[in-house]
Number of protein chains: 2
Amino acid sequence: MANSVSGDSVVDRVVRVIAAFPEGASSLQLSDLAVRAGLPLTTAHRLVRQLAAHGLLETGAGGTVRLGLRLWELVNRNSPTLALRQAAMPFMEDIQQVLNQNVNLAVLDGWEALFVERLSRRGSVANRAKVAGRMPVHVSSAGLALMAHQDMALQADYLAQFADPVGKATVDTMRGLLSETAHQGYAQLAGVVDPDTWGIAVPVIDGKKRAVAALGIVVPLQEMRLQALVPALQTAARGIARRLGRDEP
Amino acid sequence: MANSVSGDSVVDRVVRVIAAFPEGASSLQLSDLAVRAGLPLTTAHRLVRQLAAHGLLETGAGGTVRLGLRLWELVNRNSPTLALRQAAMPFMEDIQQVLNQNVNLAVLDGWEALFVERLSRRGSVANRAKVAGRMPVHVSSAGLALMAHQDMALQADYLAQFADPVGKATVDTMRGLLSETAHQGYAQLAGVVDPDTWGIAVPVIDGKKRAVAALGIVVPLQEMRLQALVPALQTAARGIARRLGRDEP
DNA sequence: CCATCGCTTCCATTGAATGGTAGAACTTGT
DNA sequence: ACAAGTTCTACCATTCAATGGAAGCGATGG
């Protein structure tokens with residue numbers, strides 16, 4: 001009974017509190033939060049109150065807790081993806097206008113593609129939800145496009161992941177997929193969420209020939225015409241890269 | 001020399017670190033960060049390292065610090081504005097398509113309008129920057145639309161702000177502006193950033209007759225035709241309110 | 001009306017946070 | 001190439017802020 005019997009620092013706990021919210025759940029009961037964060041109720045309560053005092057969290061009636069507007073503001077003012085999204089937005093809008101498909105923008109984080117922006121197909125109401133969503137590299141065209149244009153060392157690390165469970169076959173398949181993607185300059189993959197759609201993605205390449213982002217679209221199977229779609233995406237990706245380069249050389 | 005000679009808690013300091021980034025500056029030198037956060041260099045260094053271990057911050061070469069992707073992800077997955085933005089997005093796109101003007105969505109935070117989403121006019125490359133921007137209530141049409149439809153108590157508190165410096169005249173002007181806005185059902189105001197533009201905003205009203213958001217557009221002076229614009233905005237605002245109501249009754 | 005459940009306050013204990021000092025890594029000027 | 005300067009990182013004895021069990025409070029419900 002003293003400074004943390006569990007041996008984790010205050011910072012650890014603050015992070016756990018912020019990260020405790022399950023995806024899409026904007027609010028949580030204090031007691032649930034305490035359980036999810038693995039904290040004694042008393043401690044959770046104290047931390048929440050302190051964070052709320054700064055506006056990083058907000059507390060509603062009956063001990064309900066949510067992320068605070070101020071936190072949203074701080075993060076969206078200075079987000080590392082801000083420059084990227086600003087550079088990409090006009091081109092994404094163009095793509096959306098011309099091709100009328102769902103357009104998305106992803107970056108690589110670990111072995112996953114993290115979607116940082118998305119424009120829905122006109123009329124399709126859905127889909128805005130998945131901003132800040134993740135997809136494993138090997139099941140997303142964006143992931144493939146990103147991984148195919150990374151350092152060889154990083155790719156090797158990634159492929160090592162597949163060695164354990166299934167063996168050499170999977171590694172080779174994956175390696176082939178990546179090198180094919182790299183040669184083609186784009187990635188395509190059957191839709192995971194919806195089996196009747198295909199994903200196409202192209203890398204946004206920086207000055208060091210590395211993919212800093214992937215620009216992708218989701219296309220209904222019957223509208224799948226690579227000849228028309230890929231060049232449009234590649235042109236846009238080059239445009240994004242150019243705008244990025246100008247800001248931070 | 002012990003646990004905080006300055007008497008602030010670890011949580012306070014963590015918040016200061018996250019909030020230390022000046023608007024739009026995605027990265028900061030460690031020493032600058034320490035100064036901005038009002039922390040001894042050593043302490044700042046330790047906190048940054050701990051936060052970086054969790055991905056809330058990222059450290060680059062040469063002690064440069066930026067907000068982490070993981071923080072962005074957590075906040076954008078569970079942001080309090082998520083439901084609102086999801087509900088509003090389709091309508092904002094409609095407005096943008098039909099009127100071809102800059103569209104924005106704001107909520108009230110303190111005595112300011114906080115812009116949570118924005119769609120740029122087609123062709124105008126600018127403007128995406130100002131998401132997460134703030135404008136004082138009295139100089140933004142969105143702010144007026146929001147404040148005009150709040151509890152009388154809150155409005156009174158707000159008006160009290162103006163009492164001190166200038167006196168009764170300003171309070172009365174402001175009160176008049178608010179009640180006029182409330183009666184009209186929309187707010188209009190000469191552009192602050194650009195003198196040749198006007199802002200128009202309408203409230204998104206919830207079940208308790210309070211404005212939870214404001215939907216606004218920025219119109220070049222020569223295209224200012226209230227008769228055409230206001231009804232379109234009001235229709236969209238009602239649509240947003242309806243979708244919001246469905247999710248959280 | 002009492003029982004239950006969840007949020008909040010209180011407070012003695014103690015180990016985690018602190019930050020000065022010192023050294024490493026890097027940049028700049030001569 | 002060397003020195004002076006600047007900025008980041010590591011170390012570690014001191015001590016006060018964080019801790020969390022216990023008890024109080026308030027609401028819901030049977």
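Because the structure is predicted, anything quoted here is derived from the model rather than measured. In what follows, every chain begins at residue 1, and chains take the letters A, B, ... in the order their sequences are listed.
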(message) Using the side-chain heavy atoms of B:Arg13, tell me which of these nucleotides is nearest: D:dT19, C:dG6, C:dG19.
(response) C:dG19
(request) Rounded off to whole Å, could you give me the CG-to-P distance for the A:Leu30 and D:dC25 pair? (result) 19 Å
(request) Give the intermediate values and the outcome of salt bridge (charged side-chain N to carboxylate O under 4.0 Å, His left out) for residues B:Asp8 and B:Arg16. (result) CA-CA 11 Å; B:Asp8 45 21; B:Arg16 288 220 300 276; 3.0 Å; yes
(request) Let me know, please, whether A:Thr64 or A:Val11 comes out on the 5' side of the other along DNA chain C by nearest nucleotide. (result) A:Thr64
(message) Would you say B:Thr43 places a side-chain N or O within less than 4.0 Å of OP1 or OP2 belonging to C:dT18?
(response) no
(message) In the structure I gave you, are the side-chain heavy atoms of B:Met174 and B:His138 within less than 4.5 Å of one another anywhere?
(response) yes
(request) With heavy atoms under 4.0 Å as the rule, sort B:Ser31 into base, sugar-phosphate or nothing. (result) sugar-phosphate
(request) Select one nucleotide: of C:dC7, D:dT7, D:dT19, the one nearest the side-chain heavy atoms of B:Gln29. (result) D:dT7
(message) When you compare the side chain of A:Val17 with that of A:Leu57, does any pair of heavy atoms fall below 4.5 Å?
(response) yes
(request) Return the value, rounded to whole Å, for the distance between atom CG of B:Leu41 and atom P of C:dG20. (result) 10 Å
(message) Rounded to whole Å, please give me the gap between NE2 in B:His45 and C1' in C:dA22.
(response) 14 Å
(request) Give the rounded distance in Å between these two atoms: CG of B:Asp12 and C1' of C:dT18. (result) 15 Å
(message) Expressed as a whole number of angstroms, how long is the span from B:Leu47:CG to D:dA18:P?
(response) 12 Å
(request) Take the protein atom CG of A:Asp32 and the nucleotide atom P of C:dG6, then report the distance between them rounded to whole Å. (result) 9 Å
(request) Figure out the CG/C1' separation between B:Leu39 and C:dT18, and round it to whole Å. (result) 11 Å
(request) Give the rounded distance in Å between these two atoms: CD of B:Gln50 and P of C:dA17. (result) 6 Å
(message) Can you confirm whether A:Pro90 sits close enough to A:Ile240 that some side-chain heavy atom of one is under 4.5 Å from a side-chain heavy atom of the other?
(response) no
(message) Does C:dT18 have its OP1 or OP2 closer than 4.0 Å to a side-chain nitrogen or oxygen of B:Arg46?
(response) yes
(request) Identify which nucleotide among D:dG20, D:dA18, C:dG20 has an atom closest to any side-chain atom of A:Val10, counting heavy atoms from C-beta outward. (result) D:dA18
(message) Would you say that B:Phe91 contacts B:Val103 through its side chain, given a criterion of any heavy-atom pair below 4.5 Å between the two side chains?
(response) no
